[in-house]
Amino acid sequence: MTDLVLTVACPSRRGIVAAVAGFLAEHGCNITDSAQFDDLANGRFFMRVSFRSETGADVATLRDGFAAIAEPFGMDWAIHDPARRMRVLLMVSGFGHCLNDILYRWRIGALPIDIVGVVSNHLTYQKVVVNHDLPFHHVPVTKARKAEAEARLMEIVDETGTELVVLARYMQVLSDAICQRMSGRIINIHHSFLPSFKGANPYKQAYDRGVKLIGATAHYVTADLDEGPIIEQDTVRVTHAQSPEDYVSLGRDVEAVVLSRAIHAHINHRVFLNDERTVVFPASPGGYASEKMG
């Protein structure tokens, strides 16, 4: 038996769920988990179905057959094999907490991805990366050579077959051209609870405003800085007695957790773009299990 995932996004209308369920049943598939959302505000329907092929129907056969179901509904759809790991390129600058967290989760299987390499504009984490037997690409970025650096970045993306880029506290702004070319395939962690406190030193801004909660936001990167569709957020409570340095230390943990959650959602095909927002379905049963519990 083969476990697969079907994702569907289309205009909302009657009969979508029945058509999907009927097709899977007719092809010997048993639905093991299903989530759906009908956005009444913009008339869009989203669905994610985990199912098991119990009679030997393979992915190619199911894809060929489902095309006829999808066409009259105008579906944007895909059938995914969860056993196939997404190829992910990590990018980091001078802060390594998110990078180290991802590497640990990857090592124990909590993030089942293929890390194709790490790109950095610094050499700070070269040894860490190499010690994990991963390729390290030093791509310095200066104002005069920014275009050259981005050209090298896209070469690495193409050469490695990268499907997702993760900005693990990479502190350089990507060009509009890269954002458009990689739309929906670059995740950034912002050290603030967006949309508040954008730009430089958001923790100092939060401190100056006397906030009682600080947080982090993982979002898809777009040409509008810090305005991309939000995937995941979380917060931690602070008090009047804590310093900006305390905020930074507490924020590090939140950033790492939020980023890993966003990556997990993306690689498991749980995130759907919905105009400027996202629909994020919960993980299927067993979706957070890792190969090693240590």
task: Might you work through the side chain to side chain contact (heavy atoms under 4.5 Å, CB included) test for Val258 and Gln233, ending with a clear yes or no?
output: CA-CA 6 Å; Val258 167; Gln233 293 180 293; 5.5 Å; no
- request: Before giving the answer on side-chain hydrogen bond (donor to acceptor under 3.5 Å, both in side chains), spell out for Asp58 and Thr61 the whole-Å C-alpha distance, their side-chain angles and the decisive distance to 0.1 Å.
  value: CA-CA 5 Å; Asp58 59 21; Thr61 300; 2.6 Å; yes
message: Evaluate Asp158 against Arg181 for salt bridge (Lys or Arg N to Asp or Glu O under 4.0 Å), listing each step before the verdict.
response: CA-CA 12 Å; Asp158 293 337; Arg181 178 175 170 182; 2.8 Å; yes
query: Yes or no on side chain to side chain contact (heavy atoms under 4.5 Å, CB included) for Ile263 and Val88, after CA distance, side-chain angles and deciding distance?
result: CA-CA 10 Å; Ile263 297 169; Val88 178; 5.5 Å; no
field: Candidate pair His137 and Val118, rule side chain to side chain contact (heavy atoms under 4.5 Å, CB included), full reasoning
entry: CA-CA 6 Å; His137 306 275; Val118 177; over 6 Å; no
message: Pair His266, Leu164 - check side chain to side chain contact (heavy atoms under 4.5 Å, CB included), show working.
response: CA-CA 9 Å; His266 182 93; Leu164 174 68; 3.7 Å; yes
query: Could you go step by step and tell me if His269 and Arg48 meet the side-chain hydrogen bond (donor to acceptor under 3.5 Å, both in side chains) rule?
result: CA-CA 8 Å; His269 314 289; Arg48 179 185 184 274; over 6 Å; no
message: Let's go through Arg152 and Glu159 carefully: what are the C-alpha distance in whole Å and the side-chain angles of both, what is the deciding distance for salt bridge (Lys or Arg N to Asp or Glu O under 4.0 Å) to 0.1 Å, and is it a yes or a no?
response: CA-CA 10 Å; Arg152 176 57 188 144; Glu159 290 167 0; 3.6 Å; yes
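We find that Asp234 and Arg261 are joined by a salt bridge, their nearest charged nitrogen and carboxylate oxygen being less than 4.0 Å apart. Comment: Arg84 engages Glu163 in a salt bridge, judged by a side-chain N to carboxylate O separation of less than 4.0 angstrom.
Residues Val129 and Val166 are members of one and the same hydrophobic cluster, defined by side-chain heavy-atom contacts under 4.5 angstrom among Ile, Leu, Val, Met, Phe, Trp and Tyr. Residues Val279 and Val8 are members of separate hydrophobic clusters, defined by side-chain heavy-atom contacts under 4.5 angstrom among Ile, Leu, Val, Met, Phe, Trp and Tyr. Ile230 and Met182 fall into different hydrophobic clusters, where Ile, Leu, Val, Met, Phe, Trp and Tyr residues are linked whenever their side-chain heavy atoms come under 4.5 Å apart, directly or through other members. Transitive grouping of hydrophobic side chains (ILVMFWY, heavy atoms separated by less than 4.5 Å) brings Leu111 and Val271 into a common cluster. Note: the hydrophobic cluster containing Leu99 does not contain Leu167 (ILVMFWY, side chain heavy atoms under 4.5 Å, direct or indirect links).
Summarising the geometry of Thr55 relative to Gly28, their closest heavy-atom pair is OG1-CA, 3.4 Å, with the distance given to 0.1 Å. For the residue pair Ile16 and Pro11, the shortest heavy atom distance occurs at CD1-O, 3.7 Å. The minimum heavy-atom distance linking Ala110 with His264 is given by the pair O-CD2, 3.7 Å. Closest non-hydrogen pair, Phe45 versus Val17, comes out as CZ-CG2, 3.8 Å. When every heavy atom of Tyr288 is checked against every heavy atom of Ala283, the shortest pair comes out as CE1-CB, 3.6 Å. Across all non-hydrogen atoms, the minimal contact from Gly184 to Tyr220 is O-CE2, 3.4 Å.
Between Phe136 and His138, the ring planes lie parallel to each other; the angle is under 30°, not in the 30° to 60° tilted range. Ring geometry for His191 versus Tyr203: interplanar angle of 30 to 60°, hence tilted.
Separation of atoms CZ (Arg85) and CH2 (Trp106) is listed at 9.5 Å; rounding is to 0.5 Å. With rounding to the nearest 0.5 Å, the separation of CZ in Arg44 from CG in Asn274 is 7.5 Å. For the atom pair CG (Leu6) and CE (Met47), the distance works out to 7.5 Å, reported to the nearest 0.5 Å. Between the CZ atom of Phe95 and the CZ atom of Arg252 there is a distance of 9.0 Å, given to the nearest 0.5 Å. Residue Gln126 holds its CD atom at 10.0 Å from CG of Asn131, rounded to the nearest 0.5 Å. The CG atom of Leu174 lies 5.5 Å from the SG atom of Cys179; values are rounded to the nearest 0.5 Å.
A donor-acceptor pair is defined here as one N or O able to donate and one able to accept, closer than 3.5 Å; no such pair exists between the side chain of Tyr247 and the backbone of Ala206. Judged purely by atom type and a 3.5 angstrom limit, Ser243 uses its side chain to pair as donor or acceptor with the backbone of Asp246. Within the 3.5 Å criterion, the main-chain N or O of Val257 finds a donor-acceptor partner in the side chain of Ser260. The main-chain N or O of Ser53 is never found under 3.5 Å from a side-chain atom of Thr2 such that the two would form a donor-acceptor pair.
Less than 6.0 angstrom separates the ring centroid of Phe23 from the ring centroid of Phe66. Taking the six-membered ring for Trp and the full ring otherwise, Phe281 and Phe272 have centroids separated by under 6.0 Å.
Listed by chain and residue number, Asp38 satisfy the side-chain hydrogen bond (donor to acceptor under 3.5 Å, both in side chains) test with Ser12 (two or more places apart in sequence, or in another chain). Under the salt bridge (charged side-chain N to carboxylate O under 4.0 Å, His left out) criterion, Arg277 pairs with Asp39, sequence neighbours left out.
The salt bridge (charged side-chain N to carboxylate O under 4.0 Å, His left out) analysis of residues 118-142, with sequence neighbours excluded, yields no pairs. Among residues at least two apart or in separate chains, there is no salt bridge (charged side-chain N to carboxylate O under 4.0 Å, His left out) pair with a member in residues 71-81. Applying the salt bridge (charged side-chain N to carboxylate O under 4.0 Å, His left out) definition to pairs two or more places apart or across chains, those involving residues 1-11 are Asp3-Arg52. Pairs passing the salt bridge (charged side-chain N to carboxylate O under 4.0 Å, His left out) check and including a residue from residues 164-180, sequence neighbours excluded, read Arg169-Glu255.
Between Ile115 and Leu90 there is a side-chain heavy-atom pair separated by less than 4.5 Å. Under the 4.5 Å side-chain criterion, counting only non-hydrogen atoms from C-beta, His219 is in contact with Asn188. Counting only heavy atoms from C-beta outward, the side chains of His80 and Leu4 never approach each other to under 4.5 Å. Using a 4.5 Å heavy-atom threshold, the side chains of Val254 and Thr235 count as separate. Between His27 and Leu62, some side-chain heavy-atom pair lies under the 4.5 Å cut-off. With a 4.5 Å cut-off on side-chain heavy atoms, Thr124 and Val92 do not count as touching. Between Leu89 and Ile156 there is a side-chain heavy-atom pair separated by less than 4.5 Å. Under the 4.5 Å side-chain criterion, counting only non-hydrogen atoms from C-beta, Gln172 is not in contact with Met91.
Counting heavy-atom neighbours within 6.0 Å of Gln242 CD, excluding the residue itself, gives a total above 12. When the shell of 6.0 Å around CZ of Phe73 is examined, it contains more than 12 heavy atoms from other residues, nucleotides or ligands.
Ser50 and Ser284 share a donor-acceptor pair across their side chains, judged by distance under 3.5 Å alone.
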